[in-house]
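To start, I am sharing the structure in question, which I have written as structure tokens.
Just so you know, these numbers come straight off a predicted model, no measurement behind them. Whatever order the structure lists ligands and atoms in, that order sets their numbers, starting from 1.
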Amino acid sequence: MSNAIRIIMLGRQGAGKGTQCVRIASEFGAPHISTGEMLRAAVRKDSPLGRVVKEVLDKGELVNDELMISLVQGRIGEEDARVNGFILDGFPRTVAQAQALDHISEVRPIDMVIDLEVKRELVLSRLSARRVCEQCQANYVATGDEANPWICEKCGGSVVQRADDTPEAINHRLDLYDAMTAPLVAYYKDQNKLAVVDGLGTPDEVFTRLRTAVAGMKNR
Ligand code: ADP
Ligand code: ZN
């Protein structure tokens, strides 16, 4: 039996998914696959994919299902993910994507789905303070008194606000999350794969809860 673990992380914008996925990935030795990061990397490179999705991302709309499904199918078929599993962050985001994922992961099925839960009222302030390193995607929280320009501690890259972290785009993404992605909680509960984890507290506190949830699911 392989030790690979295949996890989907659900949770609204600002729940802390990105930070926690990085930690889970290093704890369990599986790649962190963030569809948002894949798309932003394509935009930075100005690749054909990047040119198609740039406007969609800036407006906070969803990229179409077919494109997302083929992107993820390609990524989880790569050697590292086939061998070590993955932590999938940002996908699926619609029921159609979840159904397609059931199909493409038939041979190596998803082990568990985590809903990292933080109420909508609580994420807005986190999101307006969110900053990200352009180069290595490390997450930071602005306090208001940092040096300008702000340099990443990990890699020396520039720390910036994401183009889609404007109040309008944030609210739109939160509406879309409630309408299109929240139904996946029931979808995976019905498959008996769901673990709900409280996203409130320090990153360390949340990580401890997540690790316990993953260990519990692995030992079932
Ligand atoms: P956030 O969770 O803050 O919205 P992400 O980094 O997960 O940020 O995604 C950024 C953007 O990338 C989304 O607003 C959307 O435009 C696009 N995107 C990412 N994943 C998907 C997906 N599975 N389906 C459709 N669009 C996606
Ligand atoms: Zn960096």
Side-chain angles (χ1 to χ4, degrees), residues 8-22 32-44 49-76 86-101 104-105 110 113-118 120 123-141 146 149-184 187 199:
I8 292 171
M9 183 73 89
L10 300 176
R12 57 165 54 84
Q13 290 76 9
K17 280 195 307 286
T19 308
Q20 296 296 338
C21 284
V22 169
H32 170 210
I33 300 179
S34 160
T35 50
E37 265 173 33
M38 290 169 77
L39 296 170
R40 284 190 294 278
V43 170
R44 278 197 302 275
L49 171 67
R51 264 167 264 154
V52 172
V53 301
K54 181 178 184 329
E55 249 186 74
V56 180
L57 259 66
D58 285 350
K59 283 195 230 150
E61 302 288 352
L62 291 180
V63 173
N64 78 68
D65 286 337
E66 282 91 318
L67 207 168
M68 292 309 304
I69 291 160
S70 74
L71 191 69
V72 168
Q73 179 163 27
R75 180 63 188 88
I76 66 178
F86 49 79
I87 320 297
L88 198 47
D89 168 7
F91 185 96
R93 241 180 174 84
T94 64
V95 170
Q97 290 179 13
Q99 287 165 341
L101 182 61
I104 61 185
S105 62
I110 302 297
V113 179
I114 299 173
D115 179 22
L116 187 60
E117 203 184 42
V118 178
R120 181 162 173 160
V123 297
L124 280 169
S125 59
R126 288 191 186 184
L127 285 164
S128 49
R130 172 161 79 178
R131 300 292 182 273
V132 62
C133 170
E134 269 184 331
Q135 201 162 284
C136 76
Q137 278 69 56
N139 282 303
Y140 292 92
V141 178
E146 40 278 306
W150 187 357
I151 300 300
C152 176
E153 284 170 8
K154 300 192 173 99
C155 79
S158 311
V159 176
V160 297
Q161 185 160 34
R162 266 169 51 176
D164 64 346
D165 274 351
T166 61
E168 299 73 35
I170 287 172
N171 265 305
H172 188 57
R173 299 212 304 291
L174 287 166
D175 287 343
L176 282 178
Y177 187 88
D178 288 339
M180 310 294 285
T181 311
L184 297 181
Y187 183 91

Below the 3.5 angstrom mark, is there an N/O of V63, backbone or side chain, next to an N/O of ligand 1?
yes
Need the ligand 1 atom indices (1-based, order shown) with element for anything under 4.0 Å from a heavy-atom of R40.
5 (P), 6 (O), 10 (C)
From CD1 (I114) to SG (C21), nearest 0.5 Å
8.0 Å
Scan the side chains in residues 51-60 for donor-acceptor partners under 3.5 Å anywhere in the protein, sequence neighbours excluded, and list what turns up.
unit_1: R51; atom_1: NE; unit_2: D46; atom_2: O; d: 3.2
unit_1: R51; atom_1: NE; unit_2: D46; atom_2: OD1; d: 3.4
unit_1: R51; atom_1: NH2; unit_2: D46; atom_2: O; d: 2.6
unit_1: K54; atom_1: NZ; unit_2: D58; atom_2: OD2; d: 2.6

Polar proximity ligand 1 side, Q13 side, N/O cut 3.5 Å exclusive
yes
So, regarding G60 and ligand 1 (criterion: nitrogen or oxygen to nitrogen or oxygen, under 3.5 Å), is there a contact or not?
no
Give the residue and atom name of whichever protein heavy atom lies nearest to atom 11 (C) of ligand 1, and the separation in Å to one decimal.
L57 CG, 4.0 Å
Can you find a side-chain donor-acceptor pair between T94 and D65 that sits under 3.5 Å?
yes
With heavy atoms of G90 as the reference, note each atom of ligand 1 found under 4.0 Å away.
20 (N), 21 (C), 22 (C), 23 (N)
Rounded to the nearest 0.5 Å, what separates atom CD in Q13 from atom CG in L124?
10.0 Å
Taking non-hydrogen atoms only, is L62 closer than 4.0 angstrom to ligand 1 via side chain, backbone, both or neither?
both
Touching ligand 1 at all, R162? Heavy atoms, strictly under 4.0 Å?
yes
Least distance between heavy atoms, Q97 atom then R93 atom:
OE1-N, 2.8 Å
Could you see which bit of E61 sits under 4.0 Å from ligand 1, with heavy atoms only: side chain, backbone, both or neither?
backbone
What do you reckon, does R130 put a non-hydrogen atom under 4.0 Å from ligand 1?
yes
Relative to atom 2 (O) of ligand 1, which among R12, E37, R93 owns the nearest non-hydrogen atom?
R93
For D115, what residues pass the side-chain hydrogen bond (donor to acceptor under 3.5 Å, both in side chains) criterion, not counting sequence neighbours?
none
Full working for side chain to side chain contact (heavy atoms under 4.5 Å, CB included) between Y140 and V132
CA-CA 6 Å; Y140 292 92; V132 62; over 6 Å; no
Among protein heavy atoms, which lies nearest atom 24 (N) of ligand 1, and at what distance?
Q97 NE2, 3.0 Å
Working note: H172 + E61, criterion side chain to side chain donor-acceptor pair (under 3.5 Å); need CA distance, chi angles, decisive distance, verdict.
CA-CA 8 Å; H172 188 57; E61 302 288 352; 3.2 Å; yes
Assess whether side chain to side chain contact (heavy atoms under 4.5 Å, CB included) is satisfied between R131 and V160, documenting all intermediate values.
CA-CA 5 Å; R131 300 292 182 273; V160 297; over 6 Å; no
Rounding to 0.5 Å, atoms CD1 (I110) and CZ (F86) come to a distance of 4.0 Å
Salt bridge (Lys or Arg N to Asp or Glu O under 4.0 Å): which pairs involve residues 157-171, sequence neighbours left out?
R130-D165, R162-D164, D164-R173, D165-R173
Is there side-chain contact between S158 and C133, with heavy atoms separated by less than 4.5 Å?
no
Heavy atoms, side chains only, cut-off 4.5 Å: are R44 and L39 in contact?
no
Does T35, backbone or side chain, put an N or O under 3.5 Å from an N or O of ligand 1?
yes
Tell me the nearest of R173, M68, K54 to atom 4 (O) of ligand 1, using heavy-atom distances.
R173
Protein-derived N, O or S atoms lying less than 2.8 Å from the Zn ion (ligand 2), waters not counted, sum to 4
Quick check on contacts: which atoms of ligand 1 are under 4.0 angstrom from a heavy atom of L39?
12 (O), 17 (C), 18 (N), 19 (C)
